[in-house]
Chemist: 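One structure is given below, represented as structure tokens, and several questions about it will come after.
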Amino acid sequence: MLKRTHSSWRARLTGRFGVPVALLGLVTGVSPLTATVGAHAGTMENYIVLYSASAVPADASATMAKAGGSLIYSYPQIGVAIARSDSATFRANIVKDSRVEGASATGAFVTKLPDEQAPATDASGPPPGDLPNSPATDADTLSPLQWDMRQIHTPEAHAVTGGSPAVLVGDIDTGIDFHHPDLRQNIDVADSVNCVSGAPVPGLAAQDDNGHGTHTAGTVAAAANGFGIVGVAPNVRIAAIKAGDADGFFFPEAVVCAFVWAGTHGVDVTNNSYFADPFLFNCRNDPVQRSIWKAEQRAIRFAMQQGTIVVAAEGNQADDLSHPTLDATSPDNTTPVVRTIHNDCVVIPVEISGVVGVTGDGHNNQSTGGYLKSYFSSYGVATADVVAPSGDSRFGRNAEAPNGRVLSTYPPYKPCTRSVKEDIGDAQEPTVVYCYLQGTSMASPHVAGVAALIISEFGNLNSPNGKMSPGAVEALIRQTADPQSCPSAAEQAALSASFPSVDTGGPQICQGGTGHNSWYGDGQANALSAVTHKP
């Protein structure tokens with residue numbers, strides 16, 4: 001095992017390389033992060049333009065040209081437009097339009113993926129639906145290495161259903177390796193899209209050039225085909241919704257594009273293993289952050305209104321999202337500036353109402369029952385809905401999980417520190433690669449897969465939208481989770497001593513009871529209980 005100090009762990013998780021907190025100081029009043037937006041004045045940038053009405057006016061292109069920019073793409077469903085300009089006065093000019101609620105350059109709002117190779121229904125459940133379903137087996141060559149699937153009882157669930165090809169999961173990530181033999185048969189190319197520019201480019205343009213998206217996609221929907229691994233929902237279709245670029249950066253225009261695409265293309269579930277700004281916490285009272293935050297919120301809510309359930313990772317900061325006090329991570333594409341924050345500052349998408357928030361755990365038991373939360377996983381009594389395997393190389397290693405990490409599909413053209421390779425004689429991809437990673441990015445797709453199984457099993461084609469509502473799916477995920485209590489005070493203290501909060505430096509404290517608490521939400525997701533609707 002590669003040994004790493006706590007300081008290097010913090011740098012790899014946050015993108016901060018040795019920036020001393022003491023030199024940055026605390027910030028109050030107007031956020032200095034707002035000033036970073038103007039630092040790029042005079043350079044070509046993309047802008048989010050937020051209109052007061054949930055519509056984009058017909059003359060938007062003309063007014064943007066008059067303000068010194070050009071219209072890149074319009075999302076009339078949510079009243080958001082993407083513009084481009086190299087004028088230092090574009091924002092000041094466009095907000096003079098009384099119809100514009102706010103505008104912001106997006107260059108300062110990018111988020112980078114962490115390096116994760118380092119460390120309403122009743123209790124009896126809904127009646128069976130009428131979507132086409134068939135069981136699946138878990139006898140692929142690498143299935144014995146999938147401790148994570150056994151932990152949430154997917155092999156037993158697969159005896160009931162492996163998911164329905166009528167169900168579509170959108171993986172909002174860095175794309176998918178379209179050639180990977182363990183994913184190829186389940187990828188819906190027609191409903192895949194590249195959103196990186198802020199304008200949708202359908203189809204094969206969503207090829208993964210980072211690796212992260214292929215890994216999360218495999219956890220959701222790797223096929224049961226005799227080789228490699230088996231995903232949580234191996235019979236469903238999965239679309240690559242590419243919002244992250246080759247370097248793992250997600251820009252707001254890409255996030256907006258991704259959710260509007262999901263809402264307009266029949267996507268039943270989205271997996272979201274990222275946070276949507278370099279402003280880890282988005283403060284609603286900041287005029288620049290508010291424009292970005294509201295545009296993304298509108299897009300997410302639009303997708304939900306079209307019947308899409310949104311599942312999101314809690315994050316890898318070891319922070320209590322429900323009681324934030326400091327943000328020492330933002331902006332993560334430049335030098336972070338420490339700022340004080342409060343409960344009016346939120347993490348997107350996990351803190352948008354209706355999003356299923358997922359914390360992560362490893363594979364070692366805690367003394368009070370269940371599995372110990374991963375050392376890096378963020379949490380929050382108001383944000384954590386369920387917990388799922390994210391891996392834990394420090395506290396989650398044992399004979400069944402020797403490196404503590406989660407194994408899933410990976411592109412052969414991207415480096416992986418810990419990989420398993422197979423040669424199945426495939427013409428497109430002779431060397432089939434699987435990579436071990438850890439992070440709440442790995443937890444979220446487990447729950448997205450459970451959501452897909454629920455819709456597959458109980459979706460009713462005679463219902464108004466043909467599927468279960470997002471609220472009903474969320475309720476069943478939470479009702480069928482295995483309750484898990486907070487660990488002992490000694491176990492919490494031991495974890496915090498080695499890995500305090502990245503942003504505050506304070507201890508990680510679990511609040512709540514067995515029924516619901518800040519570390520595990522309602523408990524460990526359970527695929528078998530979810531598809532057999534046990535109370």
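Everything numeric here is computed off the predicted structure, so don't read it as measured data.
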Chemist: I need the minimum non-hydrogen distance between I509 and Y379, along with the two atoms involved.
Modeler: N-OH, 3.2 Å
Chemist: From S197 OG over to K242 NZ, what is the distance, rounded to the nearest 0.5 angstrom?
Modeler: 11.5 Å
Chemist: Is the shortest side-chain heavy-atom distance between P200 and Y75 below 4.5 Å?
Modeler: yes
Chemist: For S87 and S85, run side chain to side chain donor-acceptor pair (under 3.5 Å): C-alpha distance rounded to whole Å, both residues' side-chain angles, the deciding distance at 0.1 Å, then the answer.
Modeler: CA-CA 5 Å; S87 169; S85 177; 4.6 Å; no
Chemist: For the atom pair OG1 (T106) and CD1 (I292), what is the distance rounded to the nearest 0.5 Å?
Modeler: 6.5 Å
Chemist: List the steps and the verdict of side-chain contact (heavy atoms from CB on, under 4.5 Å) for V236 and N186.
Modeler: CA-CA 7 Å; V236 304; N186 289 338; over 6 Å; no
Chemist: With the side chain counted from C-beta on, respond yes when I309 and M304 share a heavy-atom pair under 4.5 Å apart, and no when they do not.
Modeler: no
Chemist: Looking only at atom types and distance, does a side-chain atom of T409 sit under 3.5 Å from a main-chain N or O of T214, one as donor and one as acceptor?
Modeler: yes
Chemist: Just by modelled atom types, is the C435 backbone N or O under 3.5 Å from a matching donor or acceptor in the H215 side chain?
Modeler: yes
Chemist: Look at the side chain of S192 and the backbone N and O of A240, then say whether any donor-acceptor pair between them is shorter than 3.5 Å.
Modeler: yes
Chemist: Can you check whether I82 reaches Y47 side chain to side chain, under 4.5 Å on heavy atoms?
Modeler: no
Chemist: Show the numbers, then the answer: is there a ring-ring contact (aromatic ring centres under 6.0 Å, His included) between F376 and F499?
Modeler: CA-CA 7 Å; F376 49 76; F499 304 104; 9.0 Å; no
Chemist: Kindly state whether the ring of F302 and the ring of F259 have centres lying under 6.0 angstrom apart.
Modeler: no
Chemist: Would R84 and M64 count as a side-chain contact (heavy atoms from CB on, under 4.5 Å) here? Give the steps.
Modeler: CA-CA 9 Å; R84 191 161 175 80; M64 287 179 185; over 6 Å; no
Chemist: For G163, is there any backbone N or O sitting under 3.5 Å from a side-chain donor or acceptor partner on S456?
Modeler: no
Chemist: Please check if the side chain of D177 supplies one atom and the backbone of P411 the other of a donor-acceptor pair under 3.5 Å.
Modeler: no
Chemist: Examine distances only and state if a side-chain atom of D59 and a backbone atom of A62 form a donor-acceptor pair shorter than 3.5 Å.
Modeler: no
Chemist: Using salt bridge (Lys or Arg N to Asp or Glu O under 4.0 Å), reason through D361 and K373 one step at a time and then give a plain yes or no.
Modeler: CA-CA 4 Å; D361 58 14; K373 182 184 76 67; over 6 Å; no
Chemist: Between S54 and I78 (side chain of the first, backbone of the second, donor and acceptor by atom type, cut-off under 3.5 Å), is there such a pair?
Modeler: no
Chemist: Do Q289 side-chain atoms and C283 backbone N/O form a donor-acceptor pair below 3.5 Å?
Modeler: yes
Chemist: Do Y520 and V386 have side chains that get closer than 4.5 Å, going by heavy atoms?
Modeler: no
Chemist: Closest approach of H212 and T174, non-hydrogen atoms and distance?
Modeler: N-OG1, 3.7 Å
Chemist: Do V473 and F458 come close enough that some side-chain heavy atom pair is under 4.5 Å?
Modeler: no
Chemist: Indicate yes or no: does R237 engage D268 in a salt bridge with an N to O separation below 4.0 Å.
Modeler: no
Chemist: Could you measure the distance from the CD atom of Q508 to the CG atom of D320? Nearest 0.5 Å is fine.
Modeler: 9.5 Å
Chemist: Rounded at 0.5 Å granularity, tell me how far OG in S273 sits from CG in N316.
Modeler: 9.5 Å
Chemist: Distance-only, no hydrogens or angles: does the S518 side chain make a donor-acceptor pair with backbone N or O of C510 under 3.5 Å?
Modeler: no
Chemist: Are V232 and V450 side-chain neighbours, meaning at least one heavy-atom pair lies under 4.5 Å?
Modeler: yes
Chemist: For the residue pair Q511 / N517, report whether a side-chain donor-acceptor contact shorter than 3.5 Å exists.
Modeler: no
Chemist: Measure across L476 and A530 and return the closest heavy-atom pair with its distance rounded to 0.1 Å.
Modeler: CD2-O, 3.6 Å
Chemist: Are D208 and N210 close enough, and set up right, to give a side-chain contact (heavy atoms from CB on, under 4.5 Å), and what steps lead you there?
Modeler: CA-CA 6 Å; D208 189 6; N210 175 277; 3.7 Å; yes
Chemist: Under a 3.5 Å threshold, yes or no: a donor from one side chain and an acceptor from the other, between S501 and D503?
Modeler: no
Chemist: If we only count heavy atoms from C-beta on, is the L168 to D191 side-chain gap below 4.5 Å?
Modeler: yes
Chemist: Nearest 0.5 Å, please: how far is CH2 in W293 from CD1 in I48?
Modeler: 14.5 Å
Chemist: Considering non-hydrogen atoms only, spot the tightest contact between V196 and G244 and give its length.
Modeler: CG2-O, 3.9 Å
Chemist: So, for P349 and N272, which heavy atoms are closest and what is the spacing to 0.1 Å?
Modeler: CG-CB, 4.0 Å
Chemist: Could you check L113 against F249 for side-chain contact (heavy atoms from CB on, under 4.5 Å), going step by step and ending with a plain yes or no?
Modeler: CA-CA 6 Å; L113 290 166; F249 284 105; over 6 Å; no
Chemist: Are E296 and R290 close enough for a salt bridge, meaning some N to O gap below 4.0 Å?
Modeler: no
Chemist: May I ask you to say whether E101 pairs ionically with K294, meaning some side-chain N is under 4.0 Å from a carboxylate O?
Modeler: yes
Chemist: Check the pair S377 / E314 against side chain to side chain donor-acceptor pair (under 3.5 Å), numbers first and verdict last.
Modeler: CA-CA 7 Å; S377 178; E314 199 85 0; over 6 Å; no
Chemist: Any side-chain to backbone donor/acceptor pair from R91 onto A103? Under 3.5 Å, distance only.
Modeler: yes
Chemist: Can D385 and R478 be counted as an ion pair, charged N to O under 4.0 angstrom?
Modeler: yes
Chemist: State the CG-OG1 distance between L437 and T219, to the nearest 0.5 angstrom.
Modeler: 9.0 Å
Chemist: Could you check whether any side-chain heavy atom of V167 comes within less than 4.5 Å of a side-chain heavy atom of L131, counting everything from C-beta outward?
Modeler: yes
Chemist: Show, in sequence, the C-alpha distance, side-chain angles and deciding distance for N285 and D344, and conclude whether the side chain to side chain donor-acceptor pair (under 3.5 Å) test is met.
Modeler: CA-CA 8 Å; N285 294 329; D344 62 337; 2.7 Å; yes
Chemist: For R99 and P57, which heavy atoms make the closest approach, and how far apart are they?
Modeler: NH1-CB, 3.3 Å
